[in-house]
Amino acid sequence: MNNRLYGNLIFELSHSGRRGYTLPKNEFGNYSLPAGSTRAEDAPLPECDEMTVVRHYTNHSENNFGVNNGFYPLGSCTMKYNPVINEDIAAHTSFSGLHPLQPVETVQGALELYYGLQKSLASLAGLSEFTLNPFAGAHGELTGLMIIRAYHEKHGDAKRTKVIVPDSAHGTNPASAAVCGLDVLEVKSTDKGLVDVDDLKALLEKEGENVAAMMMTNPNTLGLFEQQIPEIEKMVHACGGLMYYDGANLNPMLGASRPGDMGFDVMHINLHKTFSTPHGGGGPGSGPVGVRKGLEEFLPAPRVVKEGDKFRVDCDSNCNSIGAFFGNFAVIMRAYTYILTLGKENIKMVGPLATLNANYIKEELKDVYELPIDGLCKHEFVFDGLKDKSTGITTMDVAKRLLDYGYHAPTIYFPLLFHEAMMIEPTENESKETIDGFISILRKIAEEAKNEPETVKSAPHNTPIGRVDDVLAAKHPIVTYAQLVADNQ
């Protein structure tokens with residue numbers, strides 16, 4: 001391979017006067033741009049021929065690792081395979097050319113799709129109604145909390161400005177509460193990784209009349225099912241608060257239990273995680289929000305409603321709505337395609353298979369990796385580094401060495417409850433052969449840690465670049481070519 005094309009920046013391949021295009025003849029005449037809208041000098045863009053550009057970006061694209069390339073055990077992120085049929089439907093010309101402001105009578109098919117997904121999610125969650133408007137999981141959290149605030153304010157309970165968040169919750173929970181203007185009350189976990197009910201009781205005795213809601217991620221960030229939810233929801237409801245379900249870890253619940261049946265009032269679902277839409281690199285996403293019966297009026301407008309055989313967009317009847325707009329339609333299509341493809345029977349297998357795969361990996365590796373909390377996990381679990389601490393090999397070392405063997409690293413150093421945390425989530429899609437291969441490599445790395453520690457500490461060895469200085473990269477990021485040139489002078 002030509003290393004110059006492979007390793008250099010496109011700016012470094014630039015030569016003055018090179019072109020990879022020819023503009024068509026101007027058929028529209030010449031027009032002056034307004035003063036202040038033009039550059040004083042040409043933009044510093046690279047000048048390359050077409051073949052150089054194609055090879056450059058093709059080579060760099062091969063550096064990307066995605067779930068289509070190999071096993072992606074990233075805990076709490078659910079990098080699930082996105083079936084090709086989802087992409088075919090999302091790109092279908094019947095949908096791809098639609099405009100959100102088209103007349104309702106011209107988009108009946110799209111509205112039917114919205115309506116169908118709303119009802120499917122409500123059925124799967126055990127709730128009354130859903131909105132598809134939020135564009136991400138954290139956006140869904142914020143929407144849910146705004147619904148909760150609107151509910152309390154309507155009932156003249158504006159003093160309820162505090163939200164209880166377990167210390168094992170996703171980091172976006174307290175952030176979303178803060179953005180919503182709410183104060184966070186943290187409840188501790190037991191040594192078993194579950195909500196400490198005694199700590200919650202003390203918190204409610206002190207702050208109960210000010211509590212707007214309790215946010216719970218279930219299974220929690222350790223991959224553990226919160227076994228005392230019935231007692232917890234009774235306590236929170238008794239003091240006048242609502243229960244919020246963070247559905248980011250919904251995979252193992254599908255076909256096993258429903259948040260609405262547990263007593264939760266509001267929840268969000270990450271379509272881009274549980275329902276197989278691509279979300280690497282920060283997007284795209286979708287975070288539908290559902291509510292129990294009696295809270296439908298607080299869902300944001302617009303909403304799709306069905307009248308007879310027709311569908312319409314309801315923007316006005318919801319006087320208590322917090323207001324929003326339609327969500328990410330392409331992600332919504334992918335999720336609905338996934339649900340319809342599996343069907344009512346097969347979608348019930350998602351939760352049990354996610355749980356089976358995670359427990360299989362955990363049990364096969366707990367003799368060489370430290371398992372701080374034993375017992376049944378759900379879709380994910382957490383190791384606390386290698387069991388043999390005498391090797392000096394860290395979780396970071398293990399993660400870097402995995403790259404040499406063609407596996408994406410799991411989530412590391414999160415959650416913060418364990419010093420050498422390694423969170424692994426296989427998802428329900430992976431075959432036993434794939435999982436066995438991953439297990440064998442992690443066992444091999446554990447053996448290398450004893451016999452070849454320097455090999456592990458200096459990994460990765462087979463990637464385009466070696467181990468980078470993470471601290472320097474964070475403190476002094478180089479984000480432009482001009483900055484790179486200046487730094488090297």
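All residue numbers in this chain count up from 1 along the given sequence.
- Residue-environment remark: CD (Gln102) exceeds the threshold of 12 foreign heavy atoms within 6.0 Å.
- Note on Asp167 versus Lys188: no salt bridge recorded, every NZ/NE/NH1/NH2 to OD/OE distance being 4.0 Å or above.
- Of all the heavy atoms in Val184 and Ala177, the pair that sits closest is CG2-CB, 3.8 Å.
- Counting only residues at least two apart or on different chains, no ring pair (Phe, Tyr, Trp, His ring centres under 6.0 Å) pair has a member in residues 168-187.
- By the side chain to side chain contact (heavy atoms under 4.5 Å, CB included) test, His155 is found to be paired with Tyr151, residues two or more places apart in sequence or in another chain being considered.
- At a threshold of 4.5 Å between non-hydrogen side-chain atoms, the residues Val305 and Arg312 count as touching.
- Under 3.5 Å, the side chains of Glu420 and Thr394 contain no donor-acceptor pair of N or O atoms.
- At least one side-chain heavy atom of Phe383 sits under 4.5 Å from a side-chain heavy atom of Ile424.
- Under the 3.5 Å distance criterion, the side-chain polar atoms of Asn220 are matched with a main-chain donor or acceptor of Leu224.
- Ser16 pairs by the side-chain hydrogen bond (donor to acceptor under 3.5 Å, both in side chains) definition with nothing, not counting sequence neighbours.
- In this structure the side chain of Tyr338 never reaches within 4.5 angstrom of the side chain of Met333, judged on heavy atoms.
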Using a 3.5 Å cut-off and no angle test, enumerate the donor-acceptor pairs between side-chain atoms of residues 64-71 and protein atoms at least two apart in sequence or in another chain.
{"residue": "Asn69", "atom": "OD1", "partner": "Gly66", "partner atom": "N", "Å": "2.9"}

Phe329/Tyr114 under ring pair (Phe, Tyr, Trp, His ring centres under 6.0 Å): CA gap, chis, key distance, verdict: CA-CA 8 Å; Phe329 184 54; Tyr114 269 109; 5.4 Å; yes

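- Contact of the Asn173 side chain with the Glu141 side chain is registered, since non-hydrogen atoms from C-beta on lie closer than 4.5 Å.
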Steps toward salt bridge (charged side-chain N to carboxylate O under 4.0 Å, His left out) verdict (Arg160, Glu153): CA-CA 9 Å; Arg160 294 188 178 274; Glu153 288 171 0; over 6 Å; no

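- For Glu47 and Ser14, the side-chain atoms include no donor-acceptor pair closer than 3.5 Å.
- Side-chain contact of Thr455 with Glu448: a donor-acceptor pair under 3.5 Å is absent, judged by distance alone.
- The salt bridge (charged side-chain N to carboxylate O under 4.0 Å, His left out) contacts involving residues 109-119 comprise Lys119-Glu129, where partners must be two or more places apart or lie in separate chains.
- A donor atom on one side chain and an acceptor atom on the other are found under 3.5 Å apart for His268 and Tyr244.
- When each of Leu254, Val350, Thr427 is paired with Thr274, the side-chain contact (heavy atoms from CB on, under 4.5 Å) condition holds for Leu254 and for no other.
- Val165 places none of its side-chain heavy atoms less than 4.5 Å from the side chain of Leu185.
- Around atom CD1 of Ile85, no more than 12 heavy atoms belonging to other residues, nucleotides or ligands sit under 6.0 Å away.
- Using a 4.5 Å heavy-atom cutoff, the side chains of Pro73 and Glu425 are not in contact.
- One finds a salt bridge joining Lys154 and Glu297 here, because a Lys/Arg side-chain nitrogen approaches an Asp/Glu carboxylate oxygen to under 4.0 Å.
- Residues satisfying the side-chain hydrogen bond (donor to acceptor under 3.5 Å, both in side chains) criterion with Asn210, sequence neighbours excluded, are Glu207.
- Counting only heavy atoms from C-beta outward, the side chains of Leu442 and Val398 approach each other to under 4.5 Å.
- Asn357 is linked by a side-chain hydrogen bond (donor to acceptor under 3.5 Å, both in side chains) to nothing, counting only residues two or more places apart in sequence or in another chain.
- Side chain to side chain, Ser431 and Thr434 meet the donor-acceptor criterion of an N or O pair below 3.5 Å.
- Looking only at side-chain heavy atoms (C-beta outward), Met253 and Asn251 stay at 4.5 Å or farther from each other.
- Applying the ring pair (Phe, Tyr, Trp, His ring centres under 6.0 Å) test to every pair with at least one member in residues 470-489, sequence neighbours left out, gives these pairs: Phe11-Tyr481.
- Partners of Tyr21 by side chain to side chain contact (heavy atoms under 4.5 Å, CB included), not counting sequence neighbours, listed by chain and number: Arg19, Leu23.
- With sequence neighbours excluded, the residues that form a side chain to side chain contact (heavy atoms under 4.5 Å, CB included) with Lys310 are Gln108.
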Verdict with supporting geometry, Asp265 and Arg292, salt bridge (charged side-chain N to carboxylate O under 4.0 Å, His left out): CA-CA 5 Å; Asp265 304 288; Arg292 64 159 169 80; 2.5 Å; yes

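- Pairs of residues two or more places apart, or lying in two chains, that qualify as side-chain hydrogen bond (donor to acceptor under 3.5 Å, both in side chains) and include a residue from residues 86-95 are Asn82-Asn86, Asn82-Glu87, Asn86-Ser276, Glu87-Arg334, His92-Ser94.
- Ala358 pairs by the side chain to side chain contact (heavy atoms under 4.5 Å, CB included) definition with Cys377, Phe381, Pro426, not counting sequence neighbours.
- A salt bridge does not link Lys400 to Asp397: none of the charged side-chain nitrogens sits closer than 4.0 Å to a carboxylate oxygen.
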